Amino acid sequence: MLIIKPVMTHYHGNNFCRSEFSEAETLHNASEITSPLEQVGDLETQDDRLLEPISHIVWKANASGWATYLGQRWEEYTGVLASAALGFGYLACVHPEDRAHLLAFSRQNTSPPQSYEIKFRLQTREGTYRWNLARGTPANADSQEVLEWVGTYTDIDALQQTLADPEFLRSLAREEANFRPQNMCESRAVTDAGQDLQAIERFTNLLSQRAGNLCELLQAIADATVEAIAGADFCLVALPECDCSGLKLSAVGGASNFDKGRTPQVQNKLLLRAFATGESQMWRSQSGQGVPAAACAAAIESGETGRLGVLAIGNGKDSTAIDGSVQLLALMGKQAAIAINSARAIEKLKKQEQLLELQNELLIRQQEELENQGRRIQQQKLQLLEAAKLKSQFLATMSHELRTPMNAIIGFSQLLLRQHKQLLTDQQTDMVGRILNNGKNLLVLINDILDLSKIESGRTELKTEEFDLADLVMAAAREFGNQATDKNVAMSVSACLQERFVVNDKFRLRQVLVNLISNAVKFTHQGSICIEVRELNGDRLTIAVRDTGIGICETDLPHIFDKFRQADQTTTRPYPGTGLGLAISAFLVKMMDGTITVESQLEKGSTFRIELQRTVNPKKLIS
């Protein structure tokens, strides 16, 4: 149920004023007024045919007539998919005799470009041709040349056939001769029904020229209604408020018929009842105190658009001047509804187009920014790669320079302990032993850094040979036997191999095993360390180093093979090392086309597992 509150009925500039009149004024439903049209044969049938909902199709095309958009109504009307009709595909549905004429209007060379309208025949989905009115307006009205047309196709076949039917006009004349003399005043509009129909056509043509601007269209509706309906001194166009709380006056036509400073006034009830019921309303004043003598209101609606507002006319002096205009006003209301709906659709398309342009500009700017960011990232990547290369070269050079004196320190320490031990006191012997052990530890760190720099620079290669894998594992484990014994940790080696010989880089595989076993000894204070070698399905082997040490926190597991990464990164950590052993091991295993994984639980121990091929492919050896 639509509730409308009376908010205005007369217009003065941009102000809306309430206007109420006395009870002496009479409001009528238009259906209650005796009309001569009821006495005219099948005129009602003809009018009903004209008042049927008229299809309109929203379209867009460029200056050459190339269609870029067709609304949903195109497919419903023609039965042809809109996507198939884009470009010049829509011409297949236009009557062959009308195609060149239709394109000629799109390609006009006038400056500035003008809106146009043209009648043409359009094929329906049933295969028949029906007359349509094409209306076009430049989307860029401020430009001196057409960039794009926006418009509608409106079915006017019923109107066209009626205007072309002489029998219809003759029947009106015959029936007109039968009117009683007392009805002659009331039948003024019927005496020239052909002129009324022509007035409708002129009304439609005037509206098409303002199809692209809603404000101009509303004013054109008001002006064209006054021009088309004889006896109408003024016309009001009222549309609902945004919150549907009432009606708002949007345009006034015929204001020049009133004295300066005065504007037409219509009673609230007339407009509100016409809008609420959809039925035409007639009102006559019996007071004659500065108000119109008569007024008529009809809903602006059609079956396609729904009810959009109210169209009202009036005469300031003659209360019978517009009695015969009810049907004509209702028809104009339907035409106005279609025109308003079309203008709103065009405005919506323009707004969508503007929004798309803004979005495109935003996307272009974002793309440019992303390209700039990509270039900056690429530049930073090159700088980082260059810095990493310089770092690796520096580490390699420094490692060589440090290893030379370190080898001398270790050599002389070993010489003192072997050949001159009898010349040294117990305290001196202990000090030389410390020098030797610390030198060896430092040499291990230097070798790790040198290996890492070679791997990162791609200068590491594997030297393959055939060797006994079980002997290699036993030799690596024996290096840490004394350390495990000193910590009271049991160490065992289990090698279950049917074929003990493999082809790999013996030195690099031993380096991986030494790193894993030394970590197991370093972090295990009680329990055991187990080293197992097994054959898997196919030509693959697995080596597992399992301990019962302190374990690894779950959050540290994903980073355990990162360079310089240790579980305890503080300077007071109890376990020495650079955090390179596992990283180097992972690099070397990858070069061997193998995998290394870890499973660990805090305070329960860890298991490192390596899977390798029995024979390493020499083609995959270079990092």
Side-chain angles (χ1 to χ4, degrees), residues 440 443-444 447-448 450-452 454-455 460-524 527-549 560-561 580-600 605-623:
K440 288 182 178 180
L443 184 60
V444 170
N447 288 335
D448 285 345
L450 183 60
D451 288 339
L452 179 65
K454 287 182 178 180
I455 291 173
T460 302
E461 295 185 7
L462 299 181
K463 299 178 181 179
T464 59
E465 60 179 301
E466 187 178 51
F467 58 90
D468 189 325
L469 179 60
D471 286 347
L472 179 68
V473 174
M474 289 294 296
R478 278 195 293 268
E479 289 188 22
F480 300 94
N482 292 334
Q483 296 181 31
T485 301
D486 291 343
K487 299 180 71 172
N488 198 25
V489 174
M491 179 182 291
S492 62
V493 177
S494 172
C496 299
L497 300 172
Q498 294 182 355
E499 175 57 46
R500 296 163 61 97
F501 287 90
V502 298
V503 177
N504 205 325
D505 188 320
K506 183 177 181 180
F507 174 77
R508 293 299 184 184
L509 182 56
R510 180 182 178 280
Q511 182 179 357
V512 173
L513 292 173
V514 167
N515 283 336
L516 297 181
I517 297 172
S518 65
N519 281 346
V521 173
K522 182 192 300 184
F523 297 108
T524 302
S528 62
I529 299 173
C530 299
I531 306 166
E532 299 177 352
V533 184
R534 297 283 185 273
E535 290 178 337
L536 299 176
N537 295 332
D539 194 26
R540 295 184 69 82
L541 305 169
T542 178
I543 303 173
V545 179
R546 184 179 296 106
D547 63 62
T548 59
I560 197 65
F561 296 108
L580 291 176
L582 290 178
I584 293 173
S585 299
F587 275 121
L588 294 176
V589 170
K590 185 177 180 181
M591 291 178 63
M592 298 173 187
D593 197 21
T595 60
I596 181 170
T597 58
V598 59
E599 298 175 1
S600 182
S606 306
T607 300
F608 286 84
R609 182 172 285 102
I610 303 171
E611 289 189 13
L612 299 169
Q613 292 183 353
R614 181 179 290 276
T615 302
V616 175
N617 187 351
K619 295 181 181 179
K620 299 182 180 179
L621 301 183
I622 299 177
S623 174

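Because the structure is predicted, anything quoted here is derived from the model rather than measured.
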Exercise for the section: Check whether any side-chain N or O of D505 sits under 3.5 Å from a backbone N or O of K463 as a donor-acceptor pair, and report yes or no. Expected result: yes
Exercise for the section: Answer yes or no: is there a donor N or O on one side and an acceptor on the other, between the side chain of K487 and the main chain of T524, under 3.5 Å? Expected result: yes
Handout entry: CZ-OG1 distance between R609 and T597, expressed to the nearest 0.5 angstrom
Key = 6.0 Å
Practice task
With rounding to the nearest 0.5 Å, note down the distance linking CE in M491 to OG1 in T485.
Solution key: 8.0 Å
Handout entry: R508 vs M591 side-chain heavy atoms within contact, under 4.5 Å
Key = no
Handout entry: Non-hydrogen side-chain atoms of L582 and L516 separated by less than 4.5 Å
Key = yes
Completion exercise
The reported gap from CD1 in I517 to CD in Q483 (rounded to nearest 0.5 angstrom) is 11.0 Å
Pair up each side-chain donor or acceptor in residues 495-503 with any protein partner under 3.5 Å, not counting sequence neighbours, and list the distances.
unit_1	atom_1	unit_2	atom_2	d
E499	OE2	F501	N	3.4
R500	NE	D468	OD1	3.4
R500	NE	D468	OD2	3.0
R500	NH2	D468	OD2	3.2
R500	NH2	D471	OD1	3.2

Handout entry: Gap between atom CD1 of I610 and atom OG1 of T542 - 0.5 Å precision
Key = 8.0 Å
Completion exercise
Residues S585 and N515: closest non-hydrogen pair is OG-ND2, 3.1 Å
Fill in the blank from the handout: Nearest heavy-atom approach of A586 to I596 is CA-CG2, 4.0 Å
Problem - Atom CG of N488 with >12 non-hydrogen neighbours under 6.0 angstrom - result: no
Fill in the blank from the handout: Note: N504 and F467 closest approach over all heavy atoms is O-CE2, 3.5 Å
Exercise for the section: Grab the two heavy atoms, one from V521 and one from A484, that are nearest each other, plus how far apart they are. Expected result: CG1-N, 4.3 Å
Fill in the blank from the handout: On a heavy-atom basis, the closest approach of G527 and T548 is CA-OG1, 3.3 Å
Completion exercise
To the nearest 0.5 Å, atom CG of N519 lies from atom CD1 of I560 at 8.5 Å
Practice task
Measure the spacing between CD1 of I543 and CD of E611 and express it to the nearest 0.5 Å.
Solution key: 10.5 Å
Exercise for the section: Would you confirm whether D547, through its side chain, and S606, through its main-chain N or O, come within 3.5 Å as a donor-acceptor pair? Expected result: yes
Completion exercise
On a heavy-atom basis, the closest approach of L612 and G594 is CD2-CA, 4.0 Å
Completion exercise
The residue among L588, L469, L462, V616 that forms side chain to side chain contact (heavy atoms under 4.5 Å, CB included) with L509 is L469
Exercise for the section: Check the side chains of S528 and R546 for a donor-acceptor pair under 3.5 angstrom, ignoring hydrogens and angles. Expected result: no
